[in-house]
Amino acid sequence: MRAGIVEEMLRHARSEPRIECCGLLAGRDHAITAIFPAKNALASATTYEIAPQELFQLFRRMRSEGLDHMGIYHSHPAGENAPSPRDIEQACYPHEAYFIISPEPGAPRAVRAFSIRDGRVEELEIEIVAQ
């Protein structure tokens, strides 16, 4: 993952500290190089959803920029940034990484990534690369 992407996810989470922020991540050649912030259509502190119209537009934009969808991110405004039962139940992209952000200043691991497949969760290592 490009270093700036982590900073942008944290900035997004901290700009909306009372609701779960969300967005998509894209890139190519197994490296995430682009972030696509989205609006949480539910405006909820405990769950998120990207409206179908916006999701369609984001995927169209990725395709036009020659990028592959590689991940989804959202924040947990309160509590641990690990997948909730709802996150696991609603995970519908088994080949993409799920990034969960803690907007809390000083969180020990403010950005974590997970593979969620068939109800199984595995934490992934995040490797930061230069631009």
Side-chain angles (χ1 to χ4, degrees):
M1 171 177 283
R2 196 184 75 199
I5 301 297
V6 170
E7 294 163 11
E8 289 182 51
M9 286 190 292
L10 284 167
R11 189 171 20 260
H12 187 191
R14 290 174 180 153
S15 74
E16 299 180 309
R18 290 182 176 78
I19 67 168
E20 289 194 4
C21 76
C22 55
L24 303 179
L25 301 166
R28 50 176 87 90
D29 301 323
H30 306 289
I32 295 172
T33 59
I35 182 170
F36 296 87
K39 179 181 179 187
N40 181 347
L42 303 176
S44 169
T46 58
T47 191
Y48 72 97
E49 180 179 298
I50 301 172
Q53 180 72 17
E54 183 176 13
L55 191 61
F56 178 77
Q57 290 170 347
L58 293 174
F59 278 122
R60 176 180 268 172
R61 189 169 149 210
M62 276 184 229
R63 191 171 44 250
S64 74
E65 294 179 21
L67 299 171
D68 298 317
H69 177 220
M70 299 180 76
I72 300 160
Y73 74 91
H74 74 281
S75 64
H76 282 181
E80 185 182 11
N81 57 334
S84 68
R86 181 185 300 250
D87 292 337
I88 295 166
E89 178 184 311
Q90 294 182 341
C92 59
Y93 295 97
H95 302 292
E96 280 75 16
Y98 286 84
F99 289 78
I100 304 177
I101 317 308
S102 172
E104 296 293 320
R109 294 187 316 160
V111 179
R112 297 173 70 190
F114 301 88
S115 168
I116 304 175
R117 290 184 185 183
D118 301 320
R120 292 187 312 269
V121 176
E122 179 183 342
E123 187 158 7
L124 303 172
E125 182 179 339
I126 300 172
E127 182 180 340
I128 306 296
V129 297
Q131 307 297 347

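Hydrophobic clustering of Ile, Leu, Val, Met, Phe, Trp and Tyr side chains at less than 4.5 Å, counting indirect connections, keeps Met62 apart from Ile35. Leu124 and Phe114 sit in two unconnected hydrophobic clusters of ILVMFWY residues. Membership requires side-chain heavy atoms under 4.5 Å apart, directly or through other members. Linking ILVMFWY residues whenever their side-chain heavy atoms come closer than 4.5 Å, directly or via other members, places Met1 and Met70 in the same cluster. Tracing side-chain contacts under 4.5 Å through hydrophobic residues (I, L, V, M, F, W, Y), one reaches Leu25 starting from Ile101; they form part of the same cluster.
Interatomic distance, Gln53 CD to Leu58 CG, rounded to the nearest 0.5 Å: 10.5 Å. The distance from the SG atom of Cys21 to the NZ atom of Lys39 is 14.0 Å, given to the nearest 0.5 Å. Taken from CD in Glu96 to CZ in Arg117, the straight-line distance is 9.0 Å, to the nearest 0.5 Å. From Glu65, atom CD reaches atom CZ of Arg63 across 12.0 Å, with rounding to the nearest 0.5 Å.
When side chains are defined from C-beta on, Val111 does not count as touching Asn81, because their heavy atoms never get closer than 4.5 Å. Using a 4.5 Å cut-off on side-chain heavy atoms (C-beta onward), Tyr93 and Ile72 make contact.
When the side-chain hydrogen bond (donor to acceptor under 3.5 Å, both in side chains) test is applied to Glu123, the partners found at least two apart in sequence or on another chain are Arg109, Arg112. Applying the ring-ring contact (aromatic ring centres under 6.0 Å, His included) rule to Phe99 yields no partners; only residues at least two apart in sequence or on another chain are considered. Scored by the side-chain contact (heavy atoms from CB on, under 4.5 Å) test, Arg18 finds no partners at all (sequence neighbours excluded). Every residue meeting the salt bridge (charged side-chain N to carboxylate O under 4.0 Å, His left out) condition with Glu8, not counting sequence neighbours, appears here in chain and number order: Arg2. Listed by chain and residue number, nothing satisfies the salt bridge (charged side-chain N to carboxylate O under 4.0 Å, His left out) test with Arg28 (two or more places apart in sequence, or in another chain). With sequence neighbours left out, the side-chain hydrogen bond (donor to acceptor under 3.5 Å, both in side chains) criterion links Glu16 to His12. Take Arg120 and apply the side-chain contact (heavy atoms from CB on, under 4.5 Å) test, not counting sequence neighbours, and it matches Asp118. Checked against side-chain contact (heavy atoms from CB on, under 4.5 Å), Pro77 has the following partners two or more places apart in sequence or in another chain: Glu20, Ser75. By the ring-ring contact (aromatic ring centres under 6.0 Å, His included) test, His76 is found to be paired with His74, residues two or more places apart in sequence or in another chain being considered. With sequence neighbours excluded, the residues satisfying ring-ring contact (aromatic ring centres under 6.0 Å, His included) with Phe59 are His69. When the side-chain contact (heavy atoms from CB on, under 4.5 Å) test is applied to Pro17, no partner is found at least two apart in sequence or on another chain.
Nearest heavy atoms, Thr33 versus Leu67: OG1-CD2, 4.2 Å. Summarising the geometry of Ile100 relative to Ala82, their closest heavy-atom pair is CD1-C, 3.5 Å, with the distance given to 0.1 Å. Pro37 and Tyr73 get closest at one heavy-atom pair: CA-OH, 3.2 Å. Taking each heavy atom of Ser102 and Leu10 in turn, the nearest pair found is O-CD2, 4.0 Å. The two atoms that bring Phe36 and Ala26 nearest to each other are CE1-CB, 3.7 Å, heavy atoms only. Residues Pro83 and Ile88 approach most closely at CB-CG1, 3.8 Å, considering heavy atoms.
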Identify each donor-acceptor pair in which a side-chain atom of residues 42-52 lies under 3.5 Å from a protein atom, sequence neighbours left out, and give them as a table.
| residue | atom | partner | partner atom | Å |
| --- | --- | --- | --- | --- |
| Ser44 | OG | Thr46 | N | 3.0 |
| Ser44 | OG | Thr46 | OG1 | 3.3 |
| Ser44 | OG | Thr47 | N | 3.2 |

